[in-house]
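Notes for the one structure printed next.
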Amino acid sequence: GENVEQHPSTLSVQEGDSAVIKCTYSDSASNYFPWYKQELGKGPQLIIDIRSNVGEKKDQRIAVTLNKTAKHFSLHITETQPEDSAVYFCAASMNYGGSQGNLIFGKGTKLSVKP
Amino acid sequence: DTGVSQNPRHKITKRGQNVTFRCDPISEHNRLYWYRQTLGQGPEFLTYFQNEAQLEKSRLLSDRFSAERPKGSFSTLEIQRTEQGDSAMYLCASSAGTVNEKLFFGSGTQLSVL
């Protein structure tokens, strides 16, 4: 089955710096790659996603890149702010019976942004 | 609040007791998912419904777990004869089930089995 590896497990940056989180997946059939942000005591919040027909997607300070050949995808956050501090999860899924919702998650990256 | 709603937020129970959680999805979302998350890990898929039909179950969903979505709206997840290993955050997510499906999660129910 699909396996998603996520690195690093913790990341500390200075406010204003960029942060990069990387994930690799094992199943070449995976074609949907969302990123979620989870704050303490809350559920995961979808922040950006990318599908396999696109190599890069950007939304304000957040961007995601996908390399299908190498089976890895990355989250880039620019101009980090203290409110970006949270645990970030990558995930992968394939279309199964019309659903993309059986997401395989990485173990998460705890991002700390120091003011 | 038009997001996914889960109740209760916290549940403490004794080993061997039964517990039931409720999830109210985003209005008009036809797909509803249950996930489980343990400390320091990412969420793990348990099961999902399209309307009232339960279409997929993970092998993580033992016989002690049962989920229902009787009218295709809210869903319940019941755990019978709880064990300490059941302690986790139980997350519900919903989606509109469109071609570009996106899952939106609730805040979860934190279960502690003593």
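Computation of the quantities below employed the complete heavy-atom set of this structure, encompassing side-chain atoms and omitting hydrogens, waters and symmetry-equivalent molecules. Proteins come first, then strands; the chains are lettered A, B, ... in the order of their sequence lines, and each starts at number 1.
- Among all heavy-atom pairs drawn from B/P43 and A/F105, the shortest one is O-CD1, 3.2 Å.
- Neither the backbone nor the side chain of B/Q50 comes within contact range of chain A; no heavy atom of the residue lies under 4.5 Å from a heavy atom of that chain.
- Each of A/V87, A/N102, A/V4 has some count of heavy-atom pairs under 4.5 Å with chain B, and the biggest count is that of A/N102.
- Within the 4.5 angstrom heavy-atom criterion, only side-chain atoms of A/L46, from C-beta onward, approach chain B.
- Without hydrogens or angle criteria, B/Y33 side chain to A/L103 main chain gives no donor-acceptor distance under 3.5 Å.
- No other option in A/K110, A/K107, A/K42, A/Q6 has as many heavy-atom pairs under 4.5 Å with chain B as A/K107.
- For B/Q37, the part lying under 4.5 angstrom from a heavy atom of chain A is the side chain only.
- Atom CG of residue B/L103 and atom OH of residue A/Y36 lie 4.5 Å apart, to the nearest 0.5 angstrom.
- Remark: A/S99 OG to B/R31 CZ distance equals 4.5 Å, nearest 0.5 Å.
- For A/Q38, the part lying near chain B is the side chain, with the backbone staying farther off; criterion is any non-hydrogen pair under 4.5 Å.
- Using a distance-only test at 3.5 Å, with no hydrogens or angles considered, a donor-acceptor pair links the side chain of B/E101 to the main chain of A/Q100.
- No continuous path of ILVMFWY side-chain contacts below 4.5 Å connects A/F73 to A/M94, so the two sit in separate hydrophobic clusters.
- Both A/V64 and A/I47 are part of a single hydrophobic cluster, where members link through side-chain heavy atoms under 4.5 Å apart.
- Neither the backbone nor the side chain of A/P34 comes within contact range of chain B; no heavy atoms are under 4.5 Å apart.
- Proximity to chain A (any heavy atom under 4.5 Å) is restricted, for B/L91, to the side chain, taken from C-beta onward.
- For A/P44 against B/F105, the heavy-atom pair with the smallest separation is O-CB, 3.4 Å.
- Using a 4.5 Å cut-off between heavy atoms, A/D49 contacts chain B through its side chain alone, with no backbone atom that close.
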Fill in: side-chain contact (heavy atoms from CB on, under 4.5 Å) between A/Y32 and B/K102, intermediate numbers included
CA-CA 10 Å; A/Y32 176 57; B/K102 298 173 188 284; 3.9 Å; yes
